[in-house]
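Hydrogens, waters and symmetry mates play no part in the numbers below; they use all other heavy atoms, side chains included. Each chain gets a letter, A, B and so on, in the order the sequences are listed, and its residues count up from 1.
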There are 2 protein chains.
Amino acid sequence: MASSDRRGPYICGIDAAMDVVSGKWKSLILWELANYGTRRFGELKRGLPGVSEKMLIQHLREMEQDGLLHREVYREVPPKVEYALTEHGRSLNEALGPLGEWGQRRAERLAAEGTPPPA
Amino acid sequence: MASSDRRGPYICGIDAAMDVVSGKWKSLILWELANYGTRRFGELKRGLPGVSEKMLIQHLREMEQDGLLHREVYREVPPKVEYALTEHGRSLNEALGPLGEWGQRRAERLAAEGTPPPA
DNA sequence: CAGAATCCGCCAAGATACTG
DNA sequence: CAGTATCTTGGCGGATTCTG
């Protein structure tokens, strides 16, 4: 278990939701699955440049336990596992929509105001 | 500087926003200021049970730098500082609305399904 | 291909004490 | 009252190696 052992008493709805999306790659996983519908482990890894296999599987497991995504295992010779959002995952992604737009505007604002990424 | 030195290249809008709200108490500070309009340091501290002064001031400073809130200092005999959301802060709070509702439903669901907070 | 297991660095966050 | 300064630590996340 990593950060998933909170499920604590929540002050308000926000941190109940944050408890589920906090984690460096979770929102990106959500975004990836929402766009592509279904993705394999390797596809996700390639789609998230810089993620380690450990963090990817860890986040995937936590999100599965949280009922956000479904994990389908195909018992074939080359192992194959597919991940897809559940209804809960899709609803979370929709709830994240306005926040994404806000962040988008913010990013554009930062770029315009002369705070370009140093590298 | 703590977590504020990212402002990196963002993959999508979500993590641009997450970069600003991530931090154990930020969403709660936002919620507190949105509800009360204006709050003093001590009021915020009392409103956020368990927060340390260090983390509170640290988060407040970062949110101020991010243009989310305004800090008004009154040079009086007992020092007095008031915090209030800026237009950006309010818009962020609005963008957080749907996520808050989602988390609210999730919390109710958890409570109903028999995952009551242990403590 | 899709993980599991292990070791480790680093930084967010906690605790404590001091100050204008 | 509203911070600041310093020390410490828990655990998130990275890198590497091994397996079904």
Quick check: are there more than 12 heavy atoms from other residues, nucleotides or ligands sitting under 6.0 Å from CH2 of A/Trp25?
yes
So that I can tick it off, tell me whether [Y] and [X] are bridged by a salt bridge, with the cut-off set at under 4.0 angstrom between side-chain N and carboxylate O.
X: A/Arg71; Y: A/Glu82; answer: no
X: A/Glu94; Y: A/Arg90; answer: no
X: B/Glu32; Y: B/Arg39; answer: yes
X: A/Glu62; Y: A/Lys26; answer: yes

[X] [atom1] to [N] [atom2]: how many Å, rounded?
X: B/Glu62; N: D/dG3; atom1: CD; atom2: C1'; result: 16 Å
X: A/Gln58; N: D/dG13; atom1: CD; atom2: P; result: 8 Å
X: B/Leu56; N: D/dC1; atom1: CG; atom2: P; result: 14 Å
X: B/Leu48; N: C/dG14; atom1: CG; atom2: P; result: 11 Å
X: B/Lys45; N: D/dA2; atom1: NZ; atom2: C1'; result: 10 Å
X: A/Met18; N: C/dA12; atom1: CE; atom2: C1'; result: 14 Å
X: A/Leu60; N: C/dG3; atom1: CG; atom2: P; result: 8 Å
X: B/Leu44; N: D/dC1; atom1: CG; atom2: P; result: 14 Å

[options]: which one has an atom nearest the side-chain heavy atoms of [X]?
X: A/Phe41; options: C/dA13, C/dG3, D/dC1; answer: C/dG3
X: B/Tyr83; options: C/dA2, D/dG3, D/dA2; answer: D/dG3
X: A/Pro79; options: C/dG3, C/dA2, C/dG14; answer: C/dA2

Does [X] put a side-chain nitrogen or oxygen below 4.0 Å from OP1 or OP2 of [N]?
X: A/Arg40; N: C/dC1; value: no
X: B/Lys24; N: C/dG14; value: yes
X: B/His59; N: C/dA13; value: yes

Got a sec, which residues hit side-chain hydrogen bond (donor to acceptor under 3.5 Å, both in side chains) with B/Lys45, two or more places apart in sequence or on another chain?
B/Glu53
Between CG of B/Leu92 and CZ of A/Arg105, what distance do you get to the nearest 0.5 Å?
10.0 Å
Strictly under 3.5 Å: I want the nitrogen or oxygen pairs between protein and nucleotides 4-7 of chain C, one per line.
| residue | atom | partner | partner atom | Å |
| --- | --- | --- | --- | --- |
| C/dA4 | OP1 | A/Arg61 | NH1 | 3.1 |
| C/dA4 | OP2 | A/Arg61 | NH1 | 3.0 |

Assign A/Tyr74 to base, sugar-phosphate, or nothing according to its heavy-atom contacts below 4.0 angstrom with the strands shown.
nothing
For A/Gly50 and B/Pro78, take the nucleotide of DNA chain D holding the closest heavy atom to each; which residue's nucleotide lies nearer the 5' end?
B/Pro78
